[in-house]
Amino acid sequence: MGSSFEEKSGIIRSVTDWGCWYQSIDDVTLEILTPPQVKSRDIKIKILPTSLSVTVLNQTIVSGSLFANIVCDESTWTIEDEDKSRILRIFLVKSIKSPQNCWVSLLNDNFHADFVTLDSMKKKMLQERYQRENPGFDFSNAEVTGNYQSGGPNLDM
């Protein structure tokens, strides 16, 4: 989705000990806080369709099976300066792009979003769906109630 929707509606982050992760209909993003001296040569990332491995300064940060499949050829990472540290951003492109494909955790067995965060993620993904289906309207601040747990009602006739 365009950045304007995310700028208006905000990002729902699932906080971890290494930073956070968040998602949209299309992708999952990890933000890993690193020391300011970290260079790209200090980072080892292995992105596969079903798994992810991230090592920074020879310390494993994330390693395991992803919650759902991704398109590894379209996934990427960057390292950016922010305040007095650096942030490693990893962009994972989802294989299934729909609000029904809301990840409840980053890995199958780790980094679960808490209930309130997950609920907010599902609502935001439904807002994003409505924004795509109705581009002339602004759903970024819409209140979502009712049936949104499975990506909202199916409006196909």
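Reckoned from all heavy atoms, side chains included, excluding hydrogens, waters and symmetry mates. Computed from a prediction, not measured in an experiment: that's the story for all the values here.
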Engineer: Check the hydrophobic clustering (I, L, V, M, F, W, Y; side-chain heavy atoms under 4.5 Å; chains of links allowed) and say if Ile11 and Val93 are grouped together.
Structural biologist: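 Ile11 does not cluster with Val93.
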Engineer: Testing the basics here: between Ile25 and Glu128, what is the closest heavy-atom pair and its distance to 0.1 Å?
Structural biologist: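 The answer is N-OE1, 3.2 Å.
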Engineer: Side-chain donor-acceptor pair under 3.5 Å between Asn101 and Ser98, yes or no?
Structural biologist: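 Judged by distance alone, the side chains do not pair up.
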Engineer: Less than 4.5 Å apart, side chain to side chain, heavy atoms only: is that true for Lys44 and Asn58?
Structural biologist: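 They are in contact (side-chain heavy atoms under 4.5 Å apart), so the answer is yes.
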Engineer: Find the distance between CD1 (Ile87) and SG (Cys20) and round it off to the nearest 0.5 Å.
Structural biologist: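 That separation rounds to 8.0 Å.
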Engineer: Show the numbers, then the answer: is there a side chain to side chain contact (heavy atoms under 4.5 Å, CB included) between Phe91 and Asp27?
Structural biologist: CA-CA 7 Å; Phe91 305 95; Asp27 54 58; 5.7 Å; no
Engineer: If every non-hydrogen atom of His112 is compared with every non-hydrogen atom of Ser105, which pair is closest and at what distance?
Structural biologist: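 Distance-wise, the nearest heavy atoms are ND1-CB, 3.3 Å.
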Engineer: Can you label the angle between the Trp103 ring and the Phe67 ring as parallel, tilted or perpendicular, going by 30° and 60°?
Structural biologist: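 Rings of Trp103 and Phe67: tilted, 30 to 60°.
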Engineer: Please examine the side chains of Leu107 and Leu66, heavy atoms only from C-beta on, and report whether any two atoms are closer than 4.5 Å.
Structural biologist: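 A side-chain contact under 4.5 Å exists here.
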Engineer: Using a side-chain heavy atom cutoff under 4.5 Å and only I, L, V, M, F, W and Y, what cluster partners does Ile96 have?
Structural biologist: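 For Ile96, no cluster forms, as it stays isolated from other hydrophobic side chains.
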Engineer: Kindly give the heavy-atom pair with the smallest separation between Lys94 and Val71, and that separation in Å.
Structural biologist: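 Between these two residues, the closest heavy atoms are O-CG2, 4.0 Å.
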Engineer: If you compare all heavy atoms of Met125 against all heavy atoms of Ser24, which two are closest, and at what distance to 0.1 Å?
Structural biologist: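 Taking Met125 first and Ser24 second, the nearest heavy atoms are CE-O, 3.7 Å.
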Engineer: Val104 vs Phe115, test: side chain to side chain contact (heavy atoms under 4.5 Å, CB included). Steps then yes/no.
Structural biologist: CA-CA 9 Å; Val104 300; Phe115 177 79; over 6 Å; no
Engineer: Anything under 3.5 Å between a donor and an acceptor, one on a side chain of residues 45-56, the other on a protein residue two or more places apart or in another chain? List them.
Structural biologist:
none

Engineer: Mind checking the OG-CG spacing from Ser65 to Asp109? Nearest 0.5 Å is all I need.
Structural biologist: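 Result: 7.0 Å between the selected atoms.
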Engineer: Are Ile61 and Ile79 connected in the hydrophobic side-chain network, where two residues link if heavy atoms are under 4.5 Å apart?
Structural biologist: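 Yes, it is one cluster - the side chains of Ile61 and Ile79 are joined through contacts under 4.5 Å.
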Engineer: Do Val15 and Ile12 sit in one hydrophobic cluster, given that two such residues count as connected whenever their side-chain heavy atoms are within less than 4.5 Å of each other, even indirectly?
Structural biologist: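 They do not share one cluster, since no chain of ILVMFWY contacts under 4.5 Å joins Val15 to Ile12.
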Engineer: If I take atom OG from residue Ser120 and atom CD from residue Gln127, how far apart are they, to the nearest 0.5 angstrom?
Structural biologist: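 Answer for the OG-CD pair, Ser120 versus Gln127, is 9.5 Å.
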Engineer: With rounding to the nearest 0.5 angstrom, report the CZ to CE distance, Arg13 to Met121.
Structural biologist: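 Arg13 CZ to Met121 CE: 10.0 Å, rounded to 0.5 Å.
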Engineer: Just wondering, are more than 12 heavy atoms of other shown residues or ligands nearer than 6.0 Å to CG in Asp114?
Structural biologist: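 For Asp114, atom CG is crowded (more than 12 foreign heavy atoms under 6.0 Å).
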Engineer: Please set out all donor-acceptor pairs under 3.5 angstrom arising from side-chain atoms of residues 29-37, sequence neighbours excluded.
Structural biologist:
unit_1	atom_1	unit_2	atom_2	d
Glu31	OE2	Tyr22	OH	3.0
Glu31	OE2	Arg89	NE	3.1
Glu31	OE2	Arg89	NH2	3.3
Thr34	OG1	Arg86	O	3.0

Engineer: Should the heavy atoms of other residues, nucleotides or ligands under 6.0 Å from CD of Gln59 be counted, would the total exceed 12?
Structural biologist: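 No.
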Engineer: Would you call Trp77 and Leu92 a side-chain contact if the rule is heavy atoms closer than 4.5 Å?
Structural biologist: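 With C-beta onward as the side chain, the pair stays apart.
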